[in-house]
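In what follows, chains are A, B, ... by sequence order, proteins preceding strands, each numbered from 1.
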There are 2 protein chains.
Amino acid sequence: MSANEPVSILSLAILGLVAQKPMSGYDLRKVFTTTPMGHYSNSPGAIYPALRRLERQGLVESIVERPHELRPRQVFAITEAGRKSLVAVLREPVTRGEGALRLDRLLLRFAFMDAYLERAEIVAFLEQLAEEVDDYVKYLRQVESELPGTPESCGRLALEHGIEGIQATARWARRAIKRIENKEP
Amino acid sequence: MSANEPVSILSLAILGLVAQKPMSGYDLRKVFTTTPMGHYSNSPGAIYPALRRLERQGLVESIVERPHELRPRQVFAITEAGRKSLVAVLREPVTRGEGALRLDRLLLRFAFMDAYLERAEIVAFLEQLAEEVDDYVKYLRQVESELPGTPESCGRLALEHGIEGIQATARWARRAIKRIENKEP
DNA sequence: CGATACATGTAACCGGTTACATGATTTT
DNA sequence: AAAATCATGTAACCGGTTACATGTATCG
């Protein structure tokens with residue numbers, strides 16, 4: 001729909017956060033520095049420009065508190081367009097862009113879902129994710145089988161690490177489905 | 001030692017690859033596009049500049065094949081300084097830079113180790129890794145315990161995904177240690 | 001009241017992505 | 001010989017990191 005979607009994963013994280021409640025750049029920075037969300041970068045030189053971009057796209061709007069003082073405080077809130085755009089991102093199908101499953105982006109989307117999507121949609125997302133992950137495991141096993149080197153070679157072991165990590169993801173997704181489905185409405 | 005170290009993770013991947021055998025930019029691109037190494041970006045606009053940087057740093061050197069033709073082929077090989085620098089990177093201690101364990105970089109380093117490091121060093125690396133990962137799990141559990149929301153809330157589930165993923169890493173590391181130690185010399 | 005920590009940003013640099021360009025080789 | 005594909009790159013743009021700047025509250 002709208003061509004105005006948050007482009008980077010950090011923008012998406014910010015959009016999801018200000019959707020929960022309006023925040024200043026500093027508030028956001030605190031979230032990123034004090035929680036594992038910091039995985040998506042916690043530097044002010046990333047956050048403030050991202051907020052400007054989101055504002056330019058009309059996805060967030062800001063009100064300036066204490067406008068007459070020298071150090072004003074700018075609080076950003078999501079707009080209706082922003083909410084629409086966020087939901088659209090949450091609803092994107094689960095695919096491998098360029099052969100690599102961008103798990104961090106997918107998980108970030110998932111983390112914001114329960115505020116906006118029906119339970120059935122969330123479950124469908126997890127089912128797609130589990131399928132894609134299974135496919136990816138198959139591909140990695142294929143690669144492994146063609147790999148030269150002994151079973152103790154570091155390259156092979158590193159690949160096995162990758163395989164086991166995403167197998168853990170598949171198990172998690174299926175368990176999450178059950179947890180969500182068994183929850184009383 | 002040398003202040004000339006490969007800066008980005010992609011540079012490190014390239015350095016490790018040309019250390020195995022000399023390759024052209026195109027050869028490298030093929031590796032990145034056809035294997036899971038593509039995780040570290042497979043775009044020519046990243047690879048060629050990275051090669052230039054490595055060359056400027058003296059970590060790789062190139063010979064131009066078919067120099068008189070219009071489309072020459074430039075093959076890059078690691079230098080002695082490059083090999084030293086690579087080994088220095090492989091020997092870096094396992095730490096959390098800015099609170100986030102950069103697993104992808106650590107695993108990339110690991111993948112290149114067996115050509116250059118003693119078995120004992122590799123095992124020590126894995127032990128450090130397992131410890132750091134255990135610490136990180138503790139931190140994440142702490143975060144989880146302070147998280148509001150029901151056990152089925154998406155945010156909590158996403159965090160659990162992270163926890164389980166790095167627990168899988170810890171198990172992998174300990175299993176890899178055993179595999180390497182039990183290998184006959 | 002001076003020092004320290006908290007709050008709120010800006011600017012320069014740099015690495016990566018996307019899109020484009022162009023020469024050689026193979027296929028039809 | 002034209003079309004398609006392989007091989008080898010370049011350029012513009014853009015997002016992120018690092019380092020710096022400056023204002024406000026707090027604490028000794």
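Salt bridge annotation for A/E160-B/R179: present, with a cationic side-chain nitrogen under 4.0 angstrom from a carboxylate oxygen. We find that A/R119 and B/E152 are not joined by a salt bridge, their nearest charged nitrogen and carboxylate oxygen being 4.0 Å or further apart. For the pair A/R156 and B/D114, the salt-bridge criterion is not met [side-chain N within less than 4.0 Å of a carboxylate O].
With sequence neighbours left out, the side chain to side chain contact (heavy atoms under 4.5 Å, CB included) criterion links A/D134 to A/A170, A/R174.
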Steps toward side-chain hydrogen bond (donor to acceptor under 3.5 Å, both in side chains) verdict (B/Q74, B/S62)
CA-CA 6 Å; B/Q74 199 172 357; B/S62 64; 3.0 Å; yes

I'd like to know whether A/L106 forms a side chain to side chain contact (heavy atoms under 4.5 Å, CB included) with A/E132, so could you lay out the CA-CA distance, the side-chain angles of the two residues, the decisive distance to 0.1 Å, and finally the verdict.
CA-CA 12 Å; A/L106 290 169; A/E132 277 297 329; over 6 Å; no

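In this structure, A/N42 places its CG atom 15 Å from C1' of C/dT8, rounding to the nearest Å. In this entry the distance linking CD of B/E55 with P of D/dG9 reads 11 Å, nearest Å. The NE2-P distance, from A/H39 to D/dG16, rounds to 13 Å in whole Å. For A/F76 and C/dA7, the CZ to P distance is 17 Å, given to the nearest whole Å. What separates CG of A/L12 from P of D/dG16 is a distance of 12 Å, to the nearest Å. In this structure, CD1 of B/I63 is placed 13 Å from P of D/dT8, rounded to the nearest angstrom.
Looking at residues 23-33 of chain A, you'll see A/S24, A/Y26 sit with a heavy atom under 4.0 Å from some atom of DNA chain C. A heavy-atom distance below 4.0 Å to DNA chain C is reached by these residues of residues 45-54 of chain B, ordered by number: B/G45, B/A46, B/R53.
Within the 4.0 Å cut-off from OP1 or OP2 of C/dA7, not a single side-chain nitrogen or oxygen of A/R73 is found.
In this model, a donor atom of one side chain and an acceptor atom of the other lie less than 3.5 Å apart for A/Y116 and A/R83.
Using a 4.0 Å heavy-atom criterion, one finds that B/S8 contacts the sugar-phosphate atoms exclusively.
Annotation for B/E146: atom CD counts as buried by contact number, over 12 foreign heavy atoms lying within 6.0 Å.
When side chains are defined from C-beta on, B/T34 does not count as touching B/N42, because their heavy atoms never get closer than 4.5 Å.
Nearest-nucleotide positions on DNA chain D for A/L10 and A/P44 put A/L10 closer to the 5' end.
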